[in-house]
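The structure appears right after this line, and notes come after that.
If you read the sequence from its start, that first residue is 1, and numbering goes on from there. These numbers were taken from a predicted model, which means no experiment stands behind them.
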Amino acid sequence: MKLTAITTAILFVPLLLTGCSPDSNSNSAPSAKQPATEEAQASGIPPASAAPSAAPSASEALRIDLIKQDKGFSFPLHDSEEVNGFVAQTFPVPNDRNLVAHVVKRTVYDPEEIRYRLDVVAVNPKEQTYSLYPVADITVKDNYSVDSIAGAYGFTKQDQLVLVQPKKREDGQEGIQYDVVALDLRNGRMKTIAANAVPDVSPSFYARGWMNNSGYLYLNSYSDGRLWLVDVLTGEVRRIEGPFKHEWPLYLVTPSPDGNLFWHEQTDSFRLYDRNGKELKVIPPTLGYHSYPAFEWSPDSRFAALSFTLSDSHDNVLGGDEAYIIAPEAIAFYDEKGDLTWDVQAKPKEGLTHVDWNGWLAKGNEGVLSWYRLDRAEKGAVPRKIDRTYALANVMTGQITDLTPAKKLEDLKSPVAVVSRTGPLLFVDRDEGLFWSPAEEMGNEDRNYILLSKPEGPQLIWAARDYSSEQTAISRYNPVNHATSVTVFNEPLGEGLQLVDDTLIVDNKMNYRWIH
């Protein structure tokens with residue numbers, strides 16, 4: 001198996017669910033909604049005037065305080081040194097512009113046991129209040145296995161949060177039971193969708209699960225490759241046959257953005273499956289090394305790009321440990337049936353030895369290619385990509401339109417963002433044949449640029465993170481009047497920046513900041 005280009009972190013982003021949860025098997029979770037004052041605690045009891053007590057263990061209520069700042073506010077966690085607590089997931093609620101869900105995980109170790117705690121914090125940014133909903137508080141032997149599956153996976157049509165809840169086994173035997181539940185973020189009511197939906201696989205664990213837009217949750221055991229499908233509307237659970245195994249420390253299943261298709265890399269092939277686990281296509285492995293994850297889906301789930309090298313030569317390897325980071329020599333494009341629509345290669349006769357897929361436009365069958373060569377002048381350093389040329393490519397027809405770099409964003413009359421998994425942030429103008437990158441304008445490609453707005457939204461909003469200065473700048477551009485505004489934060493904001501509303505961002509540490 002030839003694996004390449006490992007990412008810096010293995011995370012999943014919940015996909016939206018359009019089904020609804022059943023009304024049966026209702027359980028109540030306590031709500032701790034209250035005004036968030038500077039001494040407020042999320043214990044279900046109104047905050048007292050007395051000084052805060054000692055930091056709780058993981059089995060006690062989560063403590064959260066409000067800290068107000070000039071440009072926003074935060075809800076920091078308060079744990080003792082013995083408790084490993086962190087915000088594991090953060091995402092705005094799809095149909096409520098003033099509600100954000102944070103999933104908090106805590107683990108405490110002592111000589112006799114490991115306690116595992118899962119809580120959901122629902123924040124109302126407009127009122128600067130929160131509600132605390134405990135989900136799980138159990139003693140475990142293998143917290144790694146439990147942690148691999150416990151958490152949130154998406155929303156129902158009614159904005160109920162779908163979670164996998166670890167519990168003690170109801171039959172009294174040793175081990176963990178996993179229920180799929182739906183949590184109402186407005187009142188804390190929690191309903192069981194499917195009790196004991198999947199087994200405790202310890203000492204193995206689970207790969208990343210996902211939800212599709214039809215109301216199905218997919219859960220996949222890592223080592224033996226079992227796959228379960230949970231119908232969130234009816235609670236039905238069924239096993240999908242197939243060897244959907246993974247290879248440590250990589251995930252080899254890549255679901256489409258809508259969750260209805262997935263590619264799986266096997267030892268001798270790549271295989272495409274539909275939402276029911278039916279095999280649609282088998283394609284051979286690449287000639288050399290390939291990107292990781294192997295396939296980069298288009299945002300509309302209609303196409304997928306596979307980047308690879310034409311040989312096993314390490315001249316095409318830029319770095320990586322468990323998986324190589326590569327400079328591809330070819331890219332193949334496949335449709336939703338797994339059929340090859342087009343492929344493109346580097347241009348060695350022109351001195352352009354490699355080719356990158358820089359990402360997709362939000363809709364349709366277009367994206368951006370770039371050809372380049374590697375500069376190896378500095379001995380021992382990672383080769384630099386130089387002499388780049390860019391083009392807009394139609395992956396159905398193979399039509400290529402050269403793109404010319406613009407001096408400034410204002411030169412693009414109708415800019416749209418390019419959606420990329422790992423590439424630099426780009427904006428293109430189809431009609432004018434222009435592109436612009438904030439990284440190239442600033443002359444610092446080492447900065448991290450994150451698109452916050454929708455790719456084809458009325459305004460373009462992105463973040464520039466400078467790790468050396470611990471500074472984050474949020475830029476907003478209006479194509480109608482060419483107006484640009486920048487909000488600079490001279491503080492180390494957390495990862496996972498997201499746009500909550502038009503004027504608010506949030507990170508994975510529950511830091512909320514206002515932007516122009």
Please find the pair of heavy atoms, one from A122 and one from Y133, that lie closest to each other, and give the distance.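 Heavy-atom minimum between the residues: CB-CE1, 4.1 Å.
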Check [Y] with [X], please: is the shortest side-chain N to carboxylate O separation under 4.0 Å?
{"X": "D184", "Y": "K191", "result": "no"}
{"X": "E495", "Y": "R465", "result": "yes"}
{"X": "R115", "Y": "D137", "result": "yes"}
{"X": "D501", "Y": "R97", "result": "yes"}
{"X": "D356", "Y": "K385", "result": "yes"}

For a quick check under 3.5 Å, do S307 and S291 share a side-chain donor-acceptor pair by atom type?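 Per modelled atom types, S307 and S291 side chains form no pair under 3.5 Å.
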Ignoring hydrogens and geometry beyond distance, is a side-chain donor-acceptor pair present between D268 and Q266 at under 3.5 Å?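 No - no donor-acceptor pair under 3.5 Å links their side chains.
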Please identify each residue that fulfils salt bridge (charged side-chain N to carboxylate O under 4.0 Å, His left out) with [X], with sequence neighbours left out.
{"X": "D507", "result": "none"}
{"X": "D159", "result": "R186"}
{"X": "D147", "result": "K105"}
{"X": "K168", "result": "none"}

Those residues that, when tested against E378, pass side chain to side chain contact (heavy atoms under 4.5 Å, CB included) (two or more places apart):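 So E378 forms a side chain to side chain contact (heavy atoms under 4.5 Å, CB included) with A381.
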Holding to side chain to side chain contact (heavy atoms under 4.5 Å, CB included), I want the full list of residues that pass it with P455, two or more places apart in sequence or in another chain.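 For P455, the residues satisfying side chain to side chain contact (heavy atoms under 4.5 Å, CB included) (neighbours in sequence not counted) are A362, A417, V419, L451.
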